[in-house]
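We count ligands from 1, going down the list as the structure has it; atoms in each ligand are counted the same way. Computed from a predicted model, the values in this text were never measured in an experiment.
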Amino acid sequence: MAEIRLYNGDCIETMKQLDDASVDLIITDPPYNLGNFMKNRDTNLVKMRENFFGAAGWDDLDFDDWQKSMDNFFMESARVLKKGGSMIVFMAIIKVETLISLAEKSGFYYKTTGIWHKLNPMPRNMNLHFVNSTEAWLYFTYKTRTGTFNNEGRLIHDFIETSITPNGEKKYGKHPTQKPEQLMEHFVEILSIEGDTVLDPFMGSGTTGVAAKRHNRNFIGIELDKGYFNAASKRIEEVPNEA
Ligand SMILES: C[S@@+](CC[C@H](N)C(=O)[O-])C[C@H]1O[C@@H](n2cnc3c(N)ncnc32)[C@H](O)[C@@H]1O
């Protein structure tokens, strides 16, 4: 039976409670820090989206503060990951280079920048520009050049395509940047094995936890916001145990 540990708090402080080398895989989707960038654009985004992420308060740090927080995140991640462990970090494409340098500084081995393509993106200002339908994900291993990679003889592209999160996955509460379960399950299945421990320090609505529990991996989730934390806890609790 999967062991689930959920914490409501700041991830850097909370990760200090976790043992060294105790995690096999980190899958996370930290703040992209695009709140200020988007607010300064003359878009009708706020009107189109009642829970716009730029208004959420966790996505609009000064660049230097955001960079420092990501630096701390990689340092703590390096401490808790096992040698040979893997990490997937979602990020806006324009921030990828910054994150790779910070991760390398903490001892991560950079492997891949992949793309998640949304088949049905929000059609924001579709008559004015190219509609944004992609996000990047970065793949690293820790202290080794390869980690668990369950491709089972298949060729796996650095590109994954899914629909945006279906409403059926939002019944525990709305989160402005909730990822689809199919996307997180893809990484859980390829980069870990049953009984491994998966950590998501920016858990949001708990999607990584749902994917981990469904595939019999232990899960540690951390979320700062009490409302999101409560919704995520309930959501993960209701995933049936596999064994
Ligand atoms: C991009 S969202 C993650 C969405 C998640 N992947 C999902 O599917 O719901 C980032 C989350 O990190 C949380 N957060 C921001 N700063 C944090 C911090 N210092 N510690 C823990 N959580 C934080 C935010 O409240 C937000 O829910």
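Aromatic ring pairs are classed by plane angle as parallel below 30°, tilted from 30° to 60° and perpendicular above 60°; the pair F108 and Y142 is tilted.
Taking only nitrogen or oxygen atoms, main chain and side chain alike, D200 does not reach within less than 3.5 Å of ligand 1. Not one N or O of I222 is nearer than 3.5 Å to an N or O of ligand 1, by distance alone. Below 3.5 Å of separation, one finds an N or O of E223 facing an N or O of ligand 1. Distances between N or O atoms of T177 and those of ligand 1 include no value under 3.5 Å. When only interatomic distances are considered, the shortest N/O to N/O separation between C11 and ligand 1 falls below 3.5 Å. Between D29 and ligand 1, at least one N/O pair is under 3.5 Å apart.
Counting the atoms of ligand 1 from 1 in the order shown, those under 4.0 Å from a heavy atom of T207 are 7 (C), 8 (O), 9 (O). Here is the list of ligand 1 atoms found below 4.0 Å of a heavy atom in D10: 18 (C), 19 (N), 20 (N). Shown in contact with G204 at under 4.0 Å from a heavy atom are these atoms of ligand 1, numbered in order with element: 9 (O), 27 (O). The contact set between ligand 1 and P31, taken as ligand atoms under 4.0 Å from a residue heavy atom, comprises 15 (C). In the vicinity of S205, heavy-atom distances shorter than 4.0 Å reach the ligand 1 atoms 7 (C), 8 (O), 9 (O). Each of the atoms 21 (C), 22 (N) of ligand 1 lies under 4.0 Å from some heavy atom of P201.
Only the side chain of H175 comes within 4.0 Å of ligand 1, judged by heavy-atom distances. Of the heavy atoms in S69, none comes closer than 4.0 Å to ligand 1.
Contact analysis leaves A232 out of contact with ligand 1, as no non-hydrogen atom separation drops below 4.0 angstrom. G9 counts as a contact of ligand 1, since one of its heavy atoms falls under 4.0 Å from the ligand.
Salt-bridge formation is not detected for the pair K118/E161: no Lys NZ or Arg NE/NH1/NH2 atom is positioned less than 4.0 Å from an Asp or Glu carboxylate oxygen. Contact check on R217 versus D196 returns no salt bridge, with no Lys/Arg side-chain nitrogen under 4.0 Å from an Asp/Glu carboxylate oxygen.
Separating the CG atom in N72 from the CG atom in D10 is a distance of 9.0 Å, to the nearest 0.5 Å.
Side-chain atoms of R5 never come within 3.5 Å of backbone atoms of I222 as a donor-acceptor pair (strictly under, hydrogens ignored).
A 4.5 Å side-chain heavy-atom check between I88 and F90 finds at least one atom pair inside the cut-off.
V96 and L102 fall within the same hydrophobic cluster, where Ile, Leu, Val, Met, Phe, Trp and Tyr residues are linked whenever their side-chain heavy atoms come under 4.5 Å apart, directly or through other members.
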Working for side-chain contact (heavy atoms from CB on, under 4.5 Å), residues N151 and I190: CA-CA 6 Å; N151 70 328; I190 296 169; 5.7 Å; no

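Note: F187 and W137 meet the aromatic proximity criterion, with ring centroids under 6.0 Å apart.
Closest heavy-atom approach to atom 5 (C) of ligand 1 within the set E169, Q178, M203: this belongs to M203. Heavy-atom proximity to atom 12 (O) of ligand 1, evaluated over F90, F202, F73, is greatest for F202.
Evaluation of the ring-ring contact (aromatic ring centres under 6.0 Å, His included) rule for F149 yields no partner, not counting sequence neighbours.
Among residues at least two apart or in separate chains, ring pair (Phe, Tyr, Trp, His ring centres under 6.0 Å) pairs with a member in residues 195-221 are F73-F202.
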